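Data block below; observations after.
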Number of protein chains: 2
Amino acid sequence: MPSPTNTVGSSTYERVKRDVIFGALAPGSKLKLDGLRERYNASVSTLREILNRLASEGFVVAAEQRGFFVKPVSKDDLVEIANLRILLECSALETSIMSGDPDWEGNLVAAHHKLHLIEQKMLDGDQSQKELWKRYDWEFHQAMISACNSQNLLALHGTIFDKYLRYQMLVLTYRGAPAIEDHRRMLDAALARDVDTAVSVLEHHIRKGLEHTLKAMGDTEDLI
Amino acid sequence: MPSPTNTVGSSTYERVKRDVIFGALAPGSKLKLDGLRERYNASVSTLREILNRLASEGFVVAAEQRGFFVKPVSKDDLVEIANLRILLECSALETSIMSGDPDWEGNLVAAHHKLHLIEQKMLDGDQSQKELWKRYDWEFHQAMISACNSQNLLALHGTIFDKYLRYQMLVLTYRGAPAIEDHRRMLDAALARDVDTAVSVLEHHIRKGLEHTLKAMGDTEDLI
DNA sequence: GTTTGCAATAATATATGATATTTTGCTGAT
DNA sequence: ATCAGCAAAATATCATATATTATTGCAAAC
């Protein structure tokens with residue numbers, strides 16, 4: 001099998017983005033080219049390309065002539081992100097359910113199964129695999145909307161999802177059983193082609209997550 | 001007044017983006033670094049930064065190890081873009097109308113006035129200012145949704161609008177009087193805080209534009 | 001004690017050239 | 001026509017140089 005043969009640029013891009021999302025690079029912190037060069041073992045030119053990409057996606061802020069900063073967080077921003085996620089994901093879900101084929105159903109069931117397995121572990125107190133858990137969460141939501149017939153919509157949703165994820169990682173708390181229940185209900189509704197139920201559960205799911213994260217941010221006011 | 005003091009990077013970025021949107025750089029064409037260096041009088045490093053930005057916005061395609069290409073066009077892509085514009089702009093319009101203040105109304109009336117002036121010229125056969133016309137069109141739509149209270153939504157909409165605009169510029173035809181009428185009706189509905197009417201006129205406006213552009217693309221099959 | 005002004009320092013923006021790798025184009029053989 | 005293999009072209013990456021701009025530190029002034 002051919003190894004992914006990643007270029008320095010793309011693999012470092014992944015690493016930096018990941019570090020922003022998972023908080024290794026703190027919100028608002030300055031991204032000095034020289035510091036990054038050491039940290040990621042890449043040249044300044046390559047890093048500038050990466051930071052420009054991340055800036056246009058909104059994970060980084062590029063301040064003309066003053067360099068780059070990790071995008072700051074705020075409750076207002078989180079609310080905007082959550083609302084956008086609802087708008088994009090619900091819309092995609094609707095068309096996806098209406099046009100999903102057997103392959104789609106198969107992937108969906110598989111994605112839910114994997115997610116469910118790790119959710120059980122989380123419930124049992126094993127918090128050691130937060131990152132993997134979130135990846136499966138992402139894969140499940142992605143599988144749900146993957147038949148929406150719009151690459152553009154999927155791309156936009158992917159970015160928004162990652163931004164939302166950053167806030168969840170920031171407060172580092174777990175909503176637990178209710179979220180698991182949401183996923184199950186979404187799966188069932190999707191397979192039953194019950195658009196209305198699926199969409200309303202999804203919206204509820206995101207709003208509850210938003211509430212939860214906002215509350216956690218209120219308690220930990222320092223991270224802004 | 002302080003001059004904009006643009007950096008080479010940002011001003012060249014604007015130029016390249018503009019050239020993609022207005023078709024000076026043809027869809028699908030290869031963007032050779034060396035060629036661009038001559039054309040825009042910027043260094044390769046700077047140009048790579050710019051192309052990376054444009055790639056992450058979707059105006060350019062970055063093919064690992066094979067360089068950059070102007071994003072190709074297709075009817076499917078146009079349909080996706082139009083649907084996304086409807087989704088984003090209608091949602092933004094709804095909240096904007098509900099929370100617009102007097103300043104918002106003022107800007108809106110002003111934007112419509114400017115747009116209307118140039119639309120009349122277009123109707124009279126003066127097609128010399130397509131670019132200015134499209135700028136005013138953008139400013140009007142932007143003014144409508146500017147009170148939506150979401151920077152994230154406005155940013156996303158801006159990008160989608162530009163992509164939609166590229167298709168319009170590509171086929172280079174003018175929908176004329178009906179579009180002018182749409183704008184007037186949207187303005188009136190917005191000022192009357194009639195959300196339903198405004199939103200449905202907007203959706204109709206975009207769908208008609210889509211139809212029109214699709215038809216023009218069908219006739220000029222060569223540009224793909 | 002706070003503010004102002006300015007020099008010293010640091011960091012960014014941009015350009016250029018060098019190297020390794022990859023892709024592309026071409027030639028000739030099958 | 002197809003394919004292998006080589007030469008030319010282009011990209012990806014890096015290091016380095018320079019000009020410009022931003023930041024910092026400190027002394028002088030209020």
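Order of the sequence lines sets the chain letters (A, B, ...), proteins ahead of strands, with each chain counted from 1. None of the values given here were measured: they were computed from a predicted structure.
Between the two ends of the helix from C/dG1-D/dC30 to C/dT30-D/dA1, each summarised by a five-pair axis, the helix axis turns through 30° (rounded to 10 degrees).
If A/Phe69 and A/Gly9 are placed on DNA chain D by their nearest nucleotide, the residue sitting closer to the 5' end is A/Gly9.
At whole-Å resolution of the value, CG in B/Asn52 and P in D/dT13 are 10 Å apart. Atom-to-atom, CG of A/Asn6 to C1' of D/dT13 comes out at 15 Å; the value is rounded to the nearest Å.
Identified under the salt bridge (charged side-chain N to carboxylate O under 4.0 Å, His left out) test for residues 144-161 of chain B, with sequence neighbours left out: none.
Remark: B/Leu132 engages B/Ile118, B/Gln129, B/Arg135, B/Tyr136 in a side-chain contact (heavy atoms from CB on, under 4.5 Å) (not counting sequence neighbours). Considering only residues two or more places apart in sequence or on other chains, B/His113 meets the ring-ring contact (aromatic ring centres under 6.0 Å, His included) condition with none of them. Under the rule for a side-chain contact (heavy atoms from CB on, under 4.5 Å), the partners of B/Ala190 that lie at least two apart in sequence or sit in another chain are B/Ile97, B/Trp104, B/Leu108, B/Met144. A search for side chain to side chain donor-acceptor pair (under 3.5 Å) contacts involving B/Glu211 returns nothing, not counting sequence neighbours. Residues passing the side-chain contact (heavy atoms from CB on, under 4.5 Å) test with A/Ala24, sequence neighbours excluded: A/Asp19, A/Arg39. B/Glu14 pairs by the side-chain contact (heavy atoms from CB on, under 4.5 Å) definition with nothing, not counting sequence neighbours. Evaluation of the side chain to side chain donor-acceptor pair (under 3.5 Å) rule for B/Lys30 yields no partner, not counting sequence neighbours. Applying the ring-ring contact (aromatic ring centres under 6.0 Å, His included) criterion to B/His157, with sequence neighbours excluded, gives B/Phe161.
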Find every protein N or O atom lying less than 3.5 Å from an N or O atom of nucleotides 6-12 of chain C, and list the pairs.
unit_1: C/dT12; atom_1: OP1; unit_2: A/Lys30; atom_2: NZ; d: 3.4

Could you go over nucleotides 15-17 of chain C and give all protein N or O partners under 3.5 Å, atom names and distances?
unit_1: C/dA15; atom_1: OP2; unit_2: B/Ser43; atom_2: N; d: 2.6
unit_1: C/dA15; atom_1: OP2; unit_2: B/Ser43; atom_2: OG; d: 2.8
unit_1: C/dA15; atom_1: OP2; unit_2: B/Thr46; atom_2: OG1; d: 3.1
unit_1: C/dA15; atom_1: N7; unit_2: B/Ser45; atom_2: OG; d: 3.3
unit_1: C/dT16; atom_1: O4; unit_2: B/Ser45; atom_2: OG; d: 3.4

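Of the N and O atoms on the side chains of A/Asn107 and A/Ser146, not one donor lies less than 3.5 Å from an acceptor on the other residue.
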